[in-house]
Amino acid sequence: MQRKPPSVIAIYPGSFDPITNGHLDLIQRGSRMFDRLIVAILRNDSKKPLFSVKERMDMLHEVVHPYPNVEVDSFDGLLVDHAAARQAAVLLRGIRAISDYEYELQMALMNRRLRPEIETVFMMANEAYSFISSRLVKEVFSLGGNISGLVPPTVEARMHRRMSKNKRKGAR
Ligand code: PNS
């Protein structure tokens with residue numbers, strides 16, 4: 001049995017396309033639990049993202065700066081290999097509802113099989129944010145719905161800018 005390392009580094013992985021207030025709540029709470037928290041954006045995502053990895057990194061930097069023990073990075077390949085390279089002992093994931101559980105359990109068990117020394121820690125989403133997902137935020141926004149309070153204000157502003165840019169492109 002390995003002893004607890006003197007300082008615990010956790011990785012909070014995801015697509016963050018875009019970061020929502022649910023993600024931000026988990027980052028805040030994670031930053032209090034762990035000595036260091038690395039928010040890691042998956043680079044080789046098969047889903048076609050709305051924002052580039054660079055834009056998502058910028059958005060994350062804008063919202064995590066109040067937390068000095070939180071950093072942002074990105075990764076390719078296996079999450080557990082990235083965690084090992086960053087000396088992280090913990091993978092942090094949020095669970096919103098029972099529907100998240102099956103997928104999260106599968107990933108946690110596969111990650112444990114790949115690298116048993118790395119633990120997945122789940123945190124229950126704050127009930128105020130348990131219905132928010134990046135996918136729904138994008139859908140509601142693209143159909144003209146109000147997304148304020150669902151994403152940080154800087155992210156909302158970027159989404160509006162992206163929408164007007166796309167409209168200008170479409171008009172040409
Ligand atoms: O925000 P998401 O899309 O739910 O995050 C999913 C993520 C990035 C955690 C997952 O797709 C992942 O870890 N991808 C990296 C590739 C990998 O390690 N696959 C095996 C996971 S069991």
Side-chain angles (χ1 to χ4, degrees), residues 8-31 33-34 36-64 67 70-142 147 149-152 154-156 158-159 162:
V8 180
I9 303 172
I11 290 223
Y12 178 35
S15 310
F16 304 107
D17 183 41
I19 180 173
T20 67
N21 282 342
H23 294 130
L24 188 56
D25 174 63
L26 220 79
I27 292 172
Q28 282 167 354
R29 287 156 57 205
S31 75
M33 268 183 79
F34 303 105
R36 194 135 65 87
L37 183 66
I38 302 168
V39 183
I41 303 172
L42 176 64
R43 274 204 300 264
N44 56 348
D45 203 338
S46 52
K47 302 170 236 165
K48 200 178 159 359
L50 176 64
F51 292 104
S52 69
V53 172
K54 157 96 176 57
E55 287 171 315
R56 282 178 273 160
M57 287 198 76
D58 291 347
M59 281 191 265
L60 275 161
H61 278 131
E62 280 164 4
V63 294
V64 304
Y67 314 103
V70 177
E71 66 172 276
V72 180
D73 79 357
S74 64
F75 72 103
D76 263 333
L78 283 179
L79 170 62
V80 284
D81 290 347
H82 183 61
R86 298 300 319 265
Q87 283 158 4
V90 170
L91 305 176
L92 176 64
R93 291 287 287 173
I95 291 204
R96 288 164 299 190
I98 195 78
S99 48
D100 284 338
Y101 179 79
E102 209 168 326
Y103 170 60
E104 293 299 333
L105 176 69
Q106 256 186 338
M107 280 208 301
L109 295 182
M110 181 61 81
N111 284 331
R112 182 193 286 166
R113 188 190 163 93
L114 294 167
R115 283 199 190 251
E117 69 281 13
I118 299 178
E119 279 294 342
T120 300
V121 170
F122 292 111
M123 281 170 81
M124 295 304 146
N126 183 320
E127 57 279 14
Y129 305 123
S130 61
F131 63 97
I132 305 177
S133 69
S134 300
R135 185 183 62 78
L136 271 188
V137 164
K138 284 184 284 194
E139 185 175 318
V140 168
F141 184 75
S142 70
I147 56 158
L150 305 181
V151 294
T154 48
V155 172
E156 191 183 344
R158 269 179 191 265
M159 291 187 71
R162 171 56 52 90

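We count residues from 1, following the sequence as given. As the structure lists them, so they are numbered: ligands from 1, and atoms in each ligand from 1.
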Within ligand 1, which atoms have a heavy atom of M110 less than 4.0 Å away? 22 (S)
Where does the angle between the aromatic ring planes of H82 and F75 fall among parallel (under 30°), tilted (30 to 60°) and perpendicular (over 60°)? parallel
Report yes or no: does F75 have a heavy atom closer than 4.0 Å to ligand 1?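 Yes, that is the case, since the closest heavy atom of the residue is under 4.0 Å from the ligand.
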With distance as the sole test, does D17 use its side chain to make a donor-acceptor pair with the main-chain N or O of L50 at under 3.5 Å? yes
Would you say S134's side chain and F16's backbone share a donor-acceptor pair under 3.5 angstrom? no
Where does L78 meet ligand 1, judged by heavy-atom distances below 4.0 Å: at the side chain, the backbone, both, or neither?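 For L78, the contact with ligand 1 is made by both the backbone and the side chain.
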Report the part of Y103 in contact with ligand 1, treating N, CA, C, O as backbone and CB onward as side chain, heavy atoms under 4.0 Å; options are side chain, backbone, both, neither. side chain
Is the shortest N/O to N/O distance between R93 and ligand 1 below 3.5 Å? yes
Nitrogen or oxygen atoms of L79 and ligand 1 under 3.5 Å apart: yes
Pair D73 + R86: basic N to acidic O under 4.0 Å: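 Judged by the 4.0 Å cut-off on N to carboxylate O distance, D73 and R86 do form a salt bridge.
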Can I get a per-line list of side-chain donor-acceptor pairs under 3.5 Å for residues 106-115, giving both atom names and the distance, sequence neighbours left out?
unit_1: N111; atom_1: ND2; unit_2: M107; atom_2: O; d: 3.2
unit_1: R115; atom_1: NE; unit_2: D81; atom_2: OD1; d: 3.2
unit_1: R115; atom_1: NH2; unit_2: D81; atom_2: OD1; d: 3.1

Looking only at non-hydrogen atoms, which of S134, P13, A40, G77 approaches atom 15 (C) of ligand 1 most closely? G77
For F141, enumerate each residue passing the ring-ring contact (aromatic ring centres under 6.0 Å, His included) test, keeping only those at least two apart in sequence or located in another chain.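 Expected list: H160.
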